Protein chains: 2
Amino acid sequence: MLKSKTVTKSLECKVRITAITDTMQVLSGKWKIHILGTLLQGGKMRFMDLLREIDGIAAKMLSKELQDLEMNQLVTRTVVDTKPITVEYEVTEYGKTMEPIIDEIANWGVFYRNRLHGKTD
Amino acid sequence: MLKSKTVTKSLECKVRITAITDTMQVLSGKWKIHILGTLLQGGKMRFMDLLREIDGIAAKMLSKELQDLEMNQLVTRTVVDTKPITVEYEVTEYGKTMEPIIDEIANWGVFYRNRLHGKTD
DNA sequence: TGCATTACTTACCAATTGGAAACTAGTTTC
DNA sequence: GAAACTAGTTTCCAATTGGTAAGTAATGCA
């Protein structure tokens with residue numbers, strides 16, 4: 001019988017797999033990273049700002065994704081008592097810990113495009 | 001009229017948004033990160049090794065995801081002329097550039113679990 | 001001869017995701 | 001009084017995702 005490789009059976013690997021699954025779940029869906037990225041750059045933003053800013057998103061999706069992000073304490077929702085009521089969304093300190101991930105993902109994407117055309121390798 | 005925030009309309013931001021979308025597309029689906037993570041740790045691995053190693057994945061999914069990864073040149077597929085034919089999969093040098101992303105995602109996931117229970121903040 | 005192993009593929013099905021459009025509801029402006 | 005702006009919610013539908021199970025084809029072993 002051939003000896004087969006076993007790399008994911010240690011506790012360490014299982015922890016890593018769970019960690020990856022957790023993060024991907026928190027960032028699941030088409031829009032969460034973009035909402036987070038936009039809020040990280042824009043600071044406090046209102047619902048309508050986000051709706052106009054994030055190209056292609058529908059109100060239903062924005063609303064649902066913001067609820068998810070709020071539930072995971074990555075953003076805060078604050079109702080402001082203006083003329084027509086407005087709601088401000090902002091990334092929490094905890095939410096800001098996502099920045100390294102988003103940056104790495106953005107960096108890789110740039111690298112990917114360059115490779116497709118540049119072909120330096 | 002209220003002045004609304006515009007943060008994603010610059011060329012720089014559009015490039016970033018495209019970059020994020022590209023990366024997420026390359027890593028799309030439930031399994032790609034795990035396959036990549038397993039191969040990064042295990043080096044050369046056969047189809048059946050991966051099938052046994054990656055908990056819960058079905059042959060259909062593994063096959064399809066490996067094809068996607070191969071198309072994007074993140075892994076190589078090599079047929080080995082053994083008794084029953086075997087196929088070896090390996091992460092390319094290019095594929096290894098995904099490591100920082102995977103590491104950040106894994107790190108955040110560990111941080112997330114610690115926060116859920118530890119509550120140091 | 002028949003069963004096992006390798007690496008898949010195919011067929012079918014269920015659940016989730018996400019998009020369009022319309023609707024709600026309170027307030028303000030013309 | 002009508003239209004517009006705020007922040008959503010609701011309904012309905014289509015596409016994608018992913019899972020189970022079975023089938024295929026080549027080879028080796030008892």
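Being a predicted model, the structure only gives us computed values, none of them experimental. In what follows, every chain begins at residue 1, and chains take the letters A, B, ... in the order their sequences are listed.
Between A:K60 and A:P84, the residue anchored closer to the 5' end of DNA chain D is A:P84, taking for each the nucleotide with the nearest heavy atom. The nearest heavy atom of DNA chain C to B:K64 and to A:I57 marks one nucleotide each, and the one closer to the 5' end goes with B:K64.
Closest non-hydrogen pair, A:Q41 versus B:C13, comes out as OE1-SG, 3.3 Å. Closest non-hydrogen pair, A:E104 versus B:P100, comes out as OE1-CB, 3.5 Å. For the pair A:K32 and A:V26, the tightest heavy-atom approach, listed with the atom from each and the gap, is CD-O, 3.2 Å. Of all the heavy atoms in B:T82 and B:T86, the pair that sits closest is OG1-OG1, 2.9 Å.
We find that CZ of A:R46 is positioned 10 Å from C1' of D:dC5, with the value rounded to whole Å. As a whole-Å value, the separation of B:E53 CD from C:dA7 P is 14 Å. Across the protein-nucleic acid pair, A:Y89 atom OH and D:dA7 atom C1' stand 8 Å apart, rounded to whole Å. Taking atom CG on A:D81 and atom P on C:dG26, their separation rounds to 15 Å, with Å as the unit. Remark: P of D:dA7 and CE of A:M45 are 11 Å apart, rounded to the nearest angstrom. Put simply, CD1 on B:I35 is 14 Å from P on C:dA7, counting in whole angstrom units. Counting to the nearest Å, the P atom of D:dG8 and the CZ atom of A:F47 are 5 Å from each other. For the pair B:W31 CH2 and D:dT17 C1', the interatomic distance rounds to 12 Å; values are reported in whole Å.
At D:dT6, one or more side-chain N or O atoms of A:R52 fall inside 4.0 Å of OP1 or OP2 (strictly under the cut-off). Phosphate contact (OP1/OP2 of C:dT9, side-chain N/O of B:Q67, threshold under 4.0 Å): present.
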Atom pairs and distances, side-chain donor-acceptor, residues 105-112 of chain B, under 3.5 Å, sequence neighbours left out:
| residue | atom | partner | partner atom | Å |
| --- | --- | --- | --- | --- |
| B:N107 | ND2 | B:D103 | O | 3.4 |
| B:W108 | NE1 | A:T97 | OG1 | 2.9 |

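DNA chain C is contacted by A:G29, A:K30 of residues 22-30 of chain A, taking any non-hydrogen atom closer than 4.0 Å.
In the set C:dA7, C:dT28, D:dA7, the nucleotide with an atom closest to the side chain of B:M48 is C:dA7. Taking only side-chain atoms of B:A59, from C-beta outward, the nucleotide of D:dT20, D:dG8, C:dT9 with the closest atom is C:dT9. If you check C:dT5, D:dG8, C:dG18 against the side chain of A:S63, the one that comes closest is D:dG8. Picking from C:dT28, D:dT6, C:dA7 the nucleotide with the shortest atom distance to the side chain of A:K83 gives C:dT28. For A:M61, taking side-chain heavy atoms from C-beta onward, the closest of the listed nucleotides D:dG8, D:dG19, C:dG19 is C:dG19.
Side chains of B:I57 and B:I35 form a contact here, defined as non-hydrogen atoms less than 4.5 Å apart.
In this view, A:K96 and A:E93 satisfy the salt bridge (charged side-chain N to carboxylate O under 4.0 Å, His left out) rule, not counting sequence neighbours.
Residue contacts shown for B:A58 include a base, since a base heavy atom lies under 4.0 Å away.
Distance check, rounded to the nearest 0.5 Å: CD1 of A:I33 to OG1 of A:T38 gives 11.5 Å.
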